[in-house]
Amino acid sequence: MQLSHISIGGGITGTETIITAINNIISKIKKKNSLKKKFIFGIIDKSPENIPGGVAYGFEKSMYGYFNNPLRLSPSNFKRWVLLKKNKLKIINYLNCYGGFTGKLWIKKNKKILYSSNNKKLDELYIPRVLMNLWMEEKLCNIIKKIKKFNDNSKIKIEIHFYKGEVNKIKKKQKTYKISFKDNFYQILNYKISSNGFRKIIFSNDKKVNYPIQSISQSIGLGLPPPRQIAKKNTQNHENYIWDFYDAGSTSFLIKKILKISKHKKKIKIYFIGYKAGLLEALPELSALIIKKKLNIKIICSSKKLTSIQIAQLSSSKKKYKLKILTKKNLLNINTAKKLQQSIQNELELTKSYGFKKYDAWTIILKKKIISNCIKNFNRKQKIMYDTFYHSKIRNETRFTYPETILARELLIKKGFLEAKKETVKSVFNSKKLLIVKTINNKQKICKYACDIVVNVSGPLSADKINNEVPIIKYIKKNGAKINPNSGSFIVNKNFELNGLKNFYLPGTIAQGFNPERKTIISAILKNSNIVGNNISSNLLKNC
């Protein structure tokens, strides 16, 4: 079968790309067009439950997860959708059914704010990530209905096909690409749209097939890459070693393991390899298990420097912080990437001396779009310098997250349930029923910890470091996709088409220039996917 376009990965990136492309085709094709043509779009995912939220926003895998940024930083169309009365009710119902201890606490703290007309307080709400999945699912249902209506009134036909499978190779064949799958087969997915419950699109497996799929263009949207594999080969498949925390099911998956072990063991020891987002996401629910359910859980976490994400919390001052360095006058002189990075760093440091927090300054920097305005003044050399080096420095200095996760970490450390260590994990192996974590600290002392569960949240691999962890990425590297050796990211053009592979798009986090303006990740994903979708539809419409 030959497709017009296929999205490898059925999350936000893959779904939004196809929705944008189809909307463009429908809006630009004249109704009286006499040309008989068919556009077939496909979405492939190894886990159909990831469609359309993906790993980060999916209904099952993002349970207990909250956005790292408040509602005011969300895409405007998503924010308007969230604040509809029917969707406010969805938030409460979802948290009551699936939110665990932290969900009920959220309702207690925020229900009145959610239903109030106080825009300032609503702007500061941190909402469950699953809301993005529900929004995208509604958009996907709408485009399916729109296609049916269009097909009934046009000689040009549009179809969306869904597949279950893991793509491991893509081979260029003249003007198309041949898609190959792990184990040499995939499944066609049937679906129905339901009006009941939270899930609106219900997928079911059809027969397994092995006939080839070819596509004119394709995009990859596989979310964040996994961390480096640290465990020994014979331990990598151990049931209590969690290598890719988010893909495994994140906090809900971990909680199930803990509750299973607690049935036959009174004390449970968990080791987190890493000190940032993955660890923080799990802590509010773990805190409730330890303090409210009285489970005897000891948590150890580690990283080489123990630098973490900062709390996204404004100061209590009634006065608003005014920028001291990044003023309108000074911005005219910021014409290099280094000056931009240093100016942001100095601005953030100044906040303390004026009685404010770094987050106060960062909020204004985002609101005034200072980064994007400065980038416009850069020449080509400075834009390359920014993309390859200084963007990552700014990102590391301006990572803020949901306050409840930081508060849970501080509480667990204070009560002695969580111990943070400056050390590097060298390996993980199993001995009898336990997992052994071998580390080395700054004094070159080797330590070993016997644990019940080990969670690897050491951070995603960059594109240049990915090998066997993501087969399709390894394969496109071999087939001409170029990587910037300084940033470790794939080189793409302004339409996120891979350098070296025509009609092959990568709008995600491992592309160079993925999010230069330091917007929220979801804003960047949607924007980039729209660019790809627009480009795909333009190419397909050239013959119409």
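In this chain, residues are counted from 1 in sequence order.
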Okay, side chain of Y246, backbone of G278: is any donor-acceptor separation there less than 3.5 Å? yes
Establish, for the pair K109 and W106, whether the NZ or CZ atom is under 6.0 angstrom from the six-membered ring centre and no further than 45 degrees off its axis. no
Name all pairs fulfilling the salt bridge (charged side-chain N to carboxylate O under 4.0 Å, His left out) condition that reach into residues 78-87, sequence neighbours left out, sorted by first residue then second. K79-D123
Looking at E239 and K433, is there a salt bridge between them, counting it only when a charged N and a carboxylate O are closer than 4.0 Å? no
With sequence neighbours excluded, what pairs up with Y98 under the ring pair (Phe, Tyr, Trp, His ring centres under 6.0 Å) test? F59, Y94, F198
Answer yes if the side chains of T401 and N68 hold a donor-acceptor pair under 3.5 Å, and no otherwise. yes
Not counting sequence neighbours, which residues clear side chain to side chain donor-acceptor pair (under 3.5 Å) with S529? List them please. none
Can you sort out the partners of S217 under side chain to side chain donor-acceptor pair (under 3.5 Å), two or more places apart, ordered by chain and number? H5
Just by distance, do the side chain of K182 and the backbone of E166 share a donor-acceptor pair under 3.5 Å? no
So, N456 side chain and S458 main chain: donor-acceptor pair closer than 3.5 Å or not? yes
If we ignore hydrogens and angles and just use 3.5 Å, is the side chain of D45 paired with the main-chain N or O of S47 as donor and acceptor? yes
Can you tell me how far CG of L498 sits from CD1 of I220, rounded to the nearest 0.5 angstrom? 7.0 Å
If you draw a 6.0 Å radius around NZ in K293, do more than 12 non-hydrogen atoms from other residues or ligands fall strictly inside? no
Show the nearest heavy-atom pair for residues L131 and F78, with the distance to one decimal. O-CE1, 3.7 Å
Least distance between heavy atoms, L134 atom then K90 atom: CD1-CD, 4.4 Å
Ionic contact status for K148 with E159, cut-off 4.0 Å: no
Suppose the criterion is salt bridge (charged side-chain N to carboxylate O under 4.0 Å, His left out): which pairs have a residue in residues 457-482, not counting sequence neighbours? none
Determine, using ring centers only, whether F67 and Y402 are less than 6.0 Å apart. no
Whether T235 side chain and A231 backbone form a donor-acceptor pair below 3.5 Å: no
Return each pair, listed once, that meets side-chain hydrogen bond (donor to acceptor under 3.5 Å, both in side chains) where at least one residue sits in residues 491-502; pairs must be two or more places apart or across chains. N493-E497
Are any side-chain N or O atoms of R409 and backbone N or O atoms of L283, one a donor and one an acceptor, separated by less than 3.5 Å? no
Taking only residues two or more places apart in sequence or in another chain, which ones pass side chain to side chain donor-acceptor pair (under 3.5 Å) with S523? T520
Looking only at the side chains, is there a donor atom on one of T251 and E285 sitting less than 3.5 Å from an acceptor on the other? no
Between N210 and Y186: side-chain donor-acceptor atoms closer than 3.5 Å: no
d(K37 NZ, I25 CD1) to nearest 0.5 Å is 9.5 Å
Heavy-atom donor-acceptor pair, K269 side chain to I453 backbone, under 3.5 Å: no
Results of side chain to side chain donor-acceptor pair (under 3.5 Å) for T176 - residues two or more places apart only: Q214
Please list all pairs meeting salt bridge (charged side-chain N to carboxylate O under 4.0 Å, His left out) that have one or both residues in residues 213-226, counting only residues at least two apart or in different chains. none
Per the salt bridge (charged side-chain N to carboxylate O under 4.0 Å, His left out) rule, what does the pair list look like for residues 189-201, sequence neighbours excluded? E137-R199
Are the charged groups of K164 and D206 less than 4.0 angstrom apart, N to O? no
What's the spacing between N468 CG and Q229 CD if we round to 0.5 Å? 10.5 Å
N133 to G53 - nearest heavy-atom pair and separation: OD1-N, 3.1 Å
Non-neighbouring partners of K265 that pass salt bridge (Lys or Arg N to Asp or Glu O under 4.0 Å), sequence neighbours left out: D452
Restricting to non-hydrogen atoms, name the atom on I536 and the atom on A21 that form the minimum distance, rounded to 0.1 Å. CG2-CB, 4.4 Å
Those residues at least two apart in sequence (or on a different chain) that pass salt bridge (Lys or Arg N to Asp or Glu O under 4.0 Å) with E138 are none
Do K171 and N479 meet the criterion of a side-chain donor-acceptor pair at a distance under 3.5 Å? no
